[in-house]
Amino acid sequence: MLISLPQDKANHACYGGLIFLLALCLLRRPDAAYAVVVVMAVGKEAADWWSNRAAVKASLEPTHGVEWLDVVATCAGGAVPLVARLI
């Protein structure tokens, strides 16, 4: 039996891995690269929340879903190459 992720969570995991690899190339430190992943994941959801809040204040429909499990999925995706790099 294979594990199945919803498309949104799979996208977040892939982006987390890509962010980690790009940050690792630039920073050359796995701990700093993973910190970038965490900051980006939390920042993305915070930006979506802020955008939705502004939309509601303007009597518009919120445009982004805010799920903190997206942060977990992004961080998990970044953890895969982190663990591979540490092994």
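- Between atom CG of residue Asp8 and atom CD of residue Glu67 there is a gap of 6.0 Å, rounded to the nearest 0.5 Å.
- Once rounded to the nearest 0.5 Å, the distance linking CE of Met40 with CG of Leu18 reads 11.5 Å.
- The hydrophobic clustering, which links ILVMFWY residues whose side-chain heavy atoms are closer than 4.5 Å, places Trp68 and Val72 apart.
- Separation of atoms CZ (Arg85) and CD1 (Ile87) is listed at 12.0 Å; rounding is to 0.5 Å.
- Counting all heavy atoms, side chain and backbone alike, Ser51 lies closest to His64 at OG-CD2, 3.6 Å.
- The number of heavy atoms from other shown groups lying within 6.0 Å of CH2 (Trp50) does not exceed 12.
- Here CG of Leu5 is found 11.5 Å from NE2 of His12. Values are rounded to the nearest 0.5 Å.
- Under the 4.5 Å side-chain contact rule for hydrophobic residues, Leu86 and Leu27 share a cluster.
- Heavy atoms only, all atoms of each residue included: Pro30 and Leu82 are closest at CB-CD1, 3.7 Å.
- In this structure, the side chains of Lys44 and Thr74 stay at 4.5 Å or more apart for every pair of heavy atoms.
- Shown here for Cys75 and Val38, the closest heavy-atom pair between the two residues is SG-CG2, 3.9 Å.
- Scanning both residues, Val71 and Ala41, for their nearest heavy atoms gives CG2-O, 3.6 Å.
- Looking at every heavy atom in both residues, Asp48 comes nearest to Gly65 through OD2-O, 3.9 Å.
- Rounded to the nearest 0.5 angstrom, Cys25 SG and Phe20 CZ are separated by 9.5 Å.
- Two different hydrophobic clusters hold Val66 and Tyr15 under the rule that ILVMFWY side chains link at heavy-atom gaps under 4.5 Å.
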